[in-house]
Structure formats: C-alpha cells, structure tokens
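In what follows, a structure is listed as structure tokens, so that the remarks can point back to it.
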Amino acid sequence: MKIGVFSDIHSNLEALEAVLDDASHQGVTHCLCVGDQVGYNADPHACMERLRALPRLLCCVQGNHDYYAANQEELLQFNPIAKQAACWTREHLSLEDRQELARLPLVAHVPLPGPLGGLQVVHASLFQPEEWPYLVDTMSVLNCFRMLQADLCFLGHSHVPLAIVLRENGLEVRDCPEFSLKAGERYLINPGSVGQPRDNDPRAAYGILDVDAGHYQLRRVEYDLPLAQEKIRRAGLPERCAQRLALGQ
C-alpha cells in the first residue's frame, strides 16, 4: 500500500496532473488530500473534478481557502492578493462544488493495515484547526502533538515540506527528502504544496507513504508552469499569483 499525499493544490491543474502521473509511475495505490484544493490559480472546478475521479481517495480535509470559497464570510485573514483570488474562486465554482467543500471535515482519521494502525490528516494544526494556525514555534508544535491520536499526522498550510519528529528526548526537525518511520516516534509531516510551492523550488511537491515498508518520501515534479501562468493572466487573477509560481515563493 502506497499513499500519495497531496496538499495545497490551489486550483493548479497542470501541477496536479503532473503529480498524479508521477504518483502512478511510483506505484501509488491510494491518495489523500490535505486541504486547499482551491484558491490562487485558475482551475478550481477542474481540480475538484480530478480529485473526485480518483478511484482510491482515502480522504480530503478542509483547508482555509476551501472554507472561504464555500461561503460568503468576510475574508479577514487574507492579504489583498489572496482575498482577490478567493473572491474570483467563489464566482467560478458551482453550487455543488461549494457544498462539497463546506462538507469537508477539518480533521480525518485514516485506518491503515500493519504497525502504523492509522494516521490523522488536518490542514493546519490538530490544535484549534478551525483557526488555521501555523506551526511557527515549539509551543504550537507541541500543542499539535498533544492532540495527535496516532503516531503520524499529515498537514499542510505553510506550502513548505517538513517533518517534525517527537522522541523521548525532544523534537527533531527534518527537511530530508525521505526517511523510515520508527517505533516509539511520532511524526508531523508536511508534504509541501502541489500548486504553489514556497520553499524556493518551483516544482510541484507531494509525499508518498509506503505503509508496508514504513517509509516516507518527498517527491518533486516538473509541470507546465508557463501554461498555468498563462491561465492565471487570462482569468484576470493577480499577476503576483503567476509570478510566484516561477519563484517557488
């Protein structure tokens, strides 16, 4: 069993298709989505349709852009560029799309065979997930671990790939592309962003969890970035949304 872990797709169909193609070649058998299917880029409906069509999608959780696209609440937490993109996204989703996003859970538990037993999925943090906090310091990380009801949680939100390990002797932050999961350790893993990476690498990012081997791998994938930028500009979305794709910021 190999699980493809996709986060922060953000309406980037070209990146999503490239990631799904790579995942197929890597022998991925199941998928899960860590939130923010929509926002920033030009294909919100198409990305949702593509995810719906996946035959073994274990779960999708709700991200902050998903939440605000599904309702008409004032966008108080968004900067002007994100706000403009969110308003555009609202106008380009069907009623069914918005209803689907509104129904997504904030936190999901996925049972698994073997020693892992299961994992949790949340977009931002297991601690006050409805507030969409970032894991920015030791306290925010420990608060998240305190709410963890498994040995492993996948989360997103920051668009930066990262793994945080809780051991008996403290916390360890890992930015290595792959590692084995060990008994007695607990993990918070961010697979980065499919549709808008922010770690200075413009390639789409996603993770693969090999359940049987107890192994995690971060994958980076080239995609048709100029086409994604062209679609953003044609749609009248903020120019910054197009520019940042090439910078990985």
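Starting from 1, each residue takes its place in the sequence as its number.
- The distance from atom NE2 of H30 to atom CD1 of I208, rounded to the nearest 0.5 Å, is 14.0 Å.
- Within 6.0 Å of the CE atom in M147, the count of heavy atoms belonging to other residues, nucleotides or ligands does not exceed 12.
- Side-chain contact between L135 and L155 is present, with at least one heavy-atom pair separated by less than 4.5 Å.
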Evaluate side-chain contact (heavy atoms from CB on, under 4.5 Å) for I9 paired with L51, printing each intermediate quantity in order. CA-CA 10 Å; I9 297 164; L51 284 175; 3.7 Å; yes
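- Under a 3.5 Å cut-off, the side chain of Q120 and the backbone N or O of Q149 do form a donor-acceptor pair.
- Between W88 and P44 the shortest heavy-atom distance is CZ3-CD, 3.7 Å.
- In this structure, P129 and V61 have side chains that are not in contact, with every pair of non-hydrogen atoms separated by 4.5 Å or more.
- Note on F127: it clusters hydrophobically with V141, by side-chain heavy-atom contacts below 4.5 Å among ILVMFWY residues.
- Seen from the ring of Y40, R244 counts as a face-on cation partner, given the 6.0 Å and 45° thresholds.
- To the nearest 0.5 Å, atom NE2 of residue H123 and atom NE2 of residue H65 are 7.0 Å apart.
- With R220 contributing its side chain and D201 its backbone, the two residues share a donor-acceptor pair below 3.5 Å.
- Using a distance-only test at 3.5 Å, with no hydrogens or angles considered, a donor-acceptor pair links the side chain of Y187 to the main chain of K182.
- For D36 (side chain) and N64 (main-chain N/O), a donor-acceptor pair under 3.5 Å exists by modelled atom type.
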In sequence, state the C-alpha distance, the side-chain angles, and the governing distance for I3 and V110, and then conclude on side-chain contact (heavy atoms from CB on, under 4.5 Å). CA-CA 11 Å; I3 303 174; V110 180; 5.6 Å; no
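- Between the side chain of R174 and the backbone N or O of A163, no donor-acceptor pair lies under 3.5 Å.
- Under the 4.5 Å side-chain criterion, counting only non-hydrogen atoms from C-beta, R98 is not in contact with L101.
- With hydrogens and angles left out, the side-chain atoms of S24 and D21 include no donor and acceptor closer than 3.5 Å.
- R186 forms no cation-pi arrangement with F145, by the criterion of a distance under 6.0 Å to the ring centre and an angle within 45° of the ring axis.
- In the hydrophobic cluster analysis, where Ile, Leu, Val, Met, Phe, Trp and Tyr join through side-chain heavy atoms closer than 4.5 angstrom, L126 is grouped together with V173.
- Rounding to the nearest 0.5 Å places CG of L152 at 6.0 Å from CG of L181.
- Side-chain contact between L209 and L116 is present, with at least one heavy-atom pair separated by less than 4.5 Å.
- Of the residues listed (N190, D199, D8), the one engaging S158 in a side-chain hydrogen bond (donor to acceptor under 3.5 Å, both in side chains) is N190, and it is the only one.
- Taking a 6.0 Å sphere around CG of D175, one finds it holds 12 or fewer heavy atoms contributed by other residues, nucleotides or ligands.
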Before you tell me yes or no, could you show the steps for R52 and E49 under salt bridge (charged side-chain N to carboxylate O under 4.0 Å, His left out), namely the whole-Å CA-CA distance, both residues' side-chain angles and the distance that decides it to 0.1 Å? CA-CA 5 Å; R52 285 188 200 111; E49 288 253 286; 3.0 Å; yes
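- There is no side-chain donor-acceptor pair under 3.5 Å between S125 and N143.
- Hydrophobic clustering (side-chain heavy atoms under 4.5 Å, transitive across Ile, Leu, Val, Met, Phe, Trp, Tyr) keeps L75 apart from L93.
- The distance from the CG atom of D66 to the CD atom of E100 is 9.5 Å, given to the nearest 0.5 Å.
- Hydrophobic cluster membership differs between V107 and L119, with clusters built from Ile, Leu, Val, Met, Phe, Trp and Tyr side chains linked at under 4.5 angstrom.
- Side chains of V121 and V5 form no contact here, defined as non-hydrogen atoms less than 4.5 Å apart.
- If you check the side chains of Y67 and E130, you find no donor sitting under 3.5 Å from an acceptor.
- In terms of modelled atom types and a separation under 3.5 Å, the side chain of Q217 and the main chain of P177 share no donor-acceptor contact.
- Checked options H45, H10, M48; the residue passing with V38 is M48 (criterion: side chain to side chain contact (heavy atoms under 4.5 Å, CB included)).
- Nearest heavy atom pair, residue G156 against residue V34, reads N-CG1, 3.6 Å.
- Closest non-hydrogen pair, C153 versus V122, comes out as SG-CG1, 3.8 Å.
- In summary, of the residues considered (C33, C59, C60), a side chain to side chain contact (heavy atoms under 4.5 Å, CB included) with L104 occurs for C60 alone.
- Between L245 and N41 there is a side-chain heavy-atom pair separated by less than 4.5 Å.
- Residues L57 and V28 fall within the same hydrophobic cluster, defined by Ile, Leu, Val, Met, Phe, Trp and Tyr side chains chained together at heavy-atom separations under 4.5 Å.
- Between A124 and P133, the closest heavy-atom pair is CB-O, 3.3 Å.
- D137 is listed as a side-chain neighbour of S140, based on a closest heavy-atom distance under 4.5 Å.
- Counting all heavy atoms, side chain and backbone alike, P202 lies closest to L225 at CB-CD1, 4.0 Å.
- In this structure, the side chain of H159 does not engage the main chain of R198 through any donor-acceptor pair within 3.5 Å.
- Looking at D210, its side chain does come within 3.5 Å of a backbone N or O of A213 through a donor-acceptor pair.
- Ring orientation note: the planes of F78 and Y68 are nearly perpendicular, at an angle over 60° on the 30°/60° scale.
- Side-chain atoms of K231 do not come within 3.5 Å of backbone N or O of D43 as any donor-acceptor pair.
- Between the NZ atom in K2 and the SG atom in C31 there is a gap of 13.0 Å [rounded to 0.5 Å].
- Checking E178 against H215 by side-chain atom types alone, a donor-acceptor pair falls below 3.5 Å.
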Does the side-chain contact (heavy atoms from CB on, under 4.5 Å) test come out yes or no for L218 and I189, once each step is laid out? CA-CA 10 Å; L218 175 70; I189 300 179; over 6 Å; no
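- Checked by atom type, the side-chain pair D97/S94 shows a donor-acceptor distance below 3.5 Å.
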Determine whether E185 and L166 satisfy the following criterion, side-chain contact (heavy atoms from CB on, under 4.5 Å), listing intermediate values before the conclusion. CA-CA 6 Å; E185 296 182 345; L166 179 62; over 6 Å; no
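- In this structure, CG in L227 is found 8.5 Å from CG in L13, a value given to the nearest 0.5 Å.
- Pairing each heavy atom of L148 with each of A150, the nearest pair is CG-O, 3.0 Å.
- Checking side-chain atoms of W132 against main-chain N and O of Q77 turns up no donor-acceptor pair under 3.5 Å.
- Counting heavy atoms of neighbouring residues, nucleotides and ligands inside a 6.0 Å radius, atom CD of E172 exceeds 12 of them.
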